[in-house]
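Worksheet: the structure to be examined is printed underneath.
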Amino acid sequence: MAKKNEELDPETLALINWCIEVEGFLVAGGATLEQAQEHIEEQVEWFTDQFYDGLTPEQAAKEALA
């Protein structure tokens with residue numbers, strides 16, 4: 001994790017915010033917040049690929065729940 005005095009680059013910040021949105025859709029799909037966070041952490045490379053492939057957070061959550 002970045003130190004408090006270090007700023008994240010815009011791309012990393014966009015990815016983090018995108019994952020936060022995905023988390024919300026996973027919870028809406030029936031996962032607990034803890035399960036959603038754990039899944040994103042465990043599958044971070046897959047979610048990163050989905051982000052760069054242009055999927056919306058909702059689309060990525062649907063794929064993850066399928």
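These numbers come from a predicted model, not from an experiment.
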Is [X] reaching over with its side chain to a backbone N or O of [Y], donor-acceptor style, under 3.5 angstrom?
X: Glu63; Y: Ala60; answer: no
X: Thr48; Y: Val44; answer: yes
X: Asp9; Y: Glu11; answer: yes

Considering non-hydrogen atoms only, spot the tightest contact between Gly30 and Gln35 and give its length.
O-OE1, 4.4 Å
How close do Val27 and Ala36 get, counting heavy atoms only, and between which atoms?
CG2-CB, 4.1 Å
Any residue meeting ring pair (Phe, Tyr, Trp, His ring centres under 6.0 Å) with Phe51, in chain and number order, not counting sequence neighbours
Trp18
Rounded distance [0.5 Å steps], [atom1] in [X] versus [atom2] in [Y]:
X: Leu15; Y: Phe47; atom1: CG; atom2: CZ; answer: 11.0 Å
X: Gln50; Y: Cys19; atom1: CD; atom2: SG; answer: 10.5 Å
X: Ile16; Y: Ile40; atom1: CD1; atom2: CD1; answer: 12.0 Å
X: Thr56; Y: Lys62; atom1: OG1; atom2: NZ; answer: 8.0 Å

Side chains of Phe25 and Gln59: does their closest heavy-atom pair fall under 4.5 Å?
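When only atoms from C-beta onward are counted, Gln59 and Phe25 do not touch, as no gap falls below 4.5 Å.
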Is there side-chain contact between Leu33 and Glu23, with heavy atoms separated by less than 4.5 Å?
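In contact.
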